[in-house]
Amino acid sequence: MTSLSRGVTWLAVFMVLAIAGTMAALNLMLPPESGMHVPTYVISLTGKYLSFAMLALAVDLVWGFGGILSLGHAAFFALGGYAIGMYLMREIGGRGVYGNKVLPDFMVFLNWQELPWYWHGFDQFPFAVLMAMVVPGLLALVFGWLAFRSRVSGVYLSIITQALTFALMLAFFRNNMGFGGNNGLTDFKDIVGFDLHADSTRDGLLVITAIALAVQLLVCAALIRSRFGKVLIAVRDTESRTRFLGYRPESYKLLVWTLSAVMAGIGGALYVPQVGIINPSEFAPANSIEAVIWVAVGGRGTLVGAILGAVIVNLGKTLLTGALPELWLFALGFLFIFVTLFMPRGIIGLFSRSRRRSPQPMAVEVAP
């Protein structure tokens, strides 16, 4: 990481926090009829984009710096979302449709007689937050240990990660899994006592999401600047030579893979209360592929580019699906092809290229 990229990192942190804070203030302090008022739905959309940016950042960490192309990171994102969704369902208590203080509505509808063992503890917010990190991290640890120990890499690893998220999607679609089946978890009321539908809660969630994203960006930047990050990049570029020098590439891969899963889980945990629902479609392999496209558009191996790509692509998706929904998938495919052929370093690469092309000041010798 050069001094320039370090400055860009801090600039990105400042902009994320400043934009989120300003939007929240304009939403709370100004009346709806004011031209400067930010509508609540824009607050929720922005929080959603920043949650996706955490997923993109996690993908960039393993792909851009570890050389691991993951097509299944949406699984970790969704698992983090389900952990918080379970807490939000328990938080409803007796205010559900069926008035059951223990069982969520979908369990009462399916004639469940008691709460499954794996739902215990999710009535406590700290436990749910912990599980939003532990469950994706533990799954990534086990999966990565098996894959990297066997030296699975390249396209084979990508296919296996895609199979993992597809298998989880099929499993969560089943009603007997106890996660709401096809409908998932929804109809949330509040979070730690705050009404989820109140503007102040939405604003608070946006600011918390921005802070979490900023912290993740700084942690990733510090990790890449460290000795660990330099070895990780060496593993990405020439794994066999790095192994010859006495390093264990699988250990470096496993650590960064597990860390990225935890980061994605945190993004999913912040995503769910802002969108109001979590269902098995979040596991869809297409979501993981979209995350890879976000990173490619913003700039692989830049960290900041992953955030930029996630926000820009999802903003375009929101606008295009509202105007011409049938063209979105074609536009996304065209965007990926265009970036691959003409912008291999993404949007951030364009800025760095223009900086290199700018004329440098010439040294002038002064005669004595």
Next on the checklist: Using side chain to side chain contact (heavy atoms under 4.5 Å, CB included), reason through F65 and L303 one step at a time and then give a plain yes or no.
Outcome noted: CA-CA 10 Å; F65 299 95; L303 297 180; 3.5 Å; yes
Checklist entry - Would you call the rings of F106 and W119 parallel, tilted or perpendicular if under 30° counts as parallel and over 60° as perpendicular? => result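 Ring orientation of F106 relative to W119: tilted.
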Checklist entry - Quick one: side chain to side chain donor-acceptor pair (under 3.5 Å) pairs with a partner in residues 94-114, sequence neighbours left out? => result R95-D190
Checklist outcome for this item: Here the side chain to side chain donor-acceptor pair (under 3.5 Å) pairs for residues 209-219, sequence neighbours left out, are T209-Q274
Checklist entry - Under the 3.5 angstrom rule, does the side chain of T238 hit a backbone N or O of R241 as a donor-acceptor pair? => result no
Item to check | Flag, side chain of D60 to backbone of G301, donor-acceptor distance under 3.5 Å | outcome: yes
Next on the checklist: Applying ring pair (Phe, Tyr, Trp, His ring centres under 6.0 Å) to Y271 and F77, what does each step give before you reach the verdict?
Outcome noted: CA-CA 9 Å; Y271 167 82; F77 184 84; 5.2 Å; yes
Next on the checklist: Could you check whether D195 and T201, counting side-chain N and O atoms only, form a donor-acceptor pair closer than 3.5 Å?
Outcome noted: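 No, D195 and T201 have no side-chain donor paired with an acceptor closer than 3.5 Å.
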Next on the checklist: Under a 3.5 Å cutoff, is there a donor and acceptor pairing between the side chains of Y49 and T318?
Outcome noted: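 The answer is yes; a qualifying pair exists.
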Decide if the gap between the ring center of [X] and the ring center of [Y] is smaller than 6.0 angstrom.
X    : Y   : answer
W257 : H73 : yes
F122 : Y87 : no
F172 : Y82 : yes

Next on the checklist: Are more than 12 heavy atoms, taken from residues, nucleotides or ligands other than F127, located less than 6.0 Å from that residue's CZ atom?
Outcome noted: yes
Checklist entry - Which heavy atom in P31 sits nearest to a heavy atom in H37, and how many Å separate them? => result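 Scanning both residues completely, I find the closest heavy atoms to be O-CB, 3.3 Å.
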Checklist entry - Do you know the tightest heavy-atom contact between G137 and T258? => result O-CG2, 3.5 Å
Got [X] and [Y] here, is their nearest side-chain heavy-atom distance under 4.5 Å?
X    : Y    : value
F179 : N279 : no
P104 : L115 : yes
T161 : S288 : no
L139 : L168 : yes
L218 : T9   : yes
I233 : R236 : yes
Y41  : I43  : no
R174 : P280 : no

Next on the checklist: Closer than 4.0 angstrom, basic N to acidic O: yes or no for R243 and E250?
Outcome noted: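 Here R243 pairs with E250 in a salt bridge, since their nearest N and O are under 4.0 Å apart.
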Checklist outcome for this item: Sorted by chain and number, sequence neighbours left out, ring-ring contact (aromatic ring centres under 6.0 Å, His included) with F109 holds for none
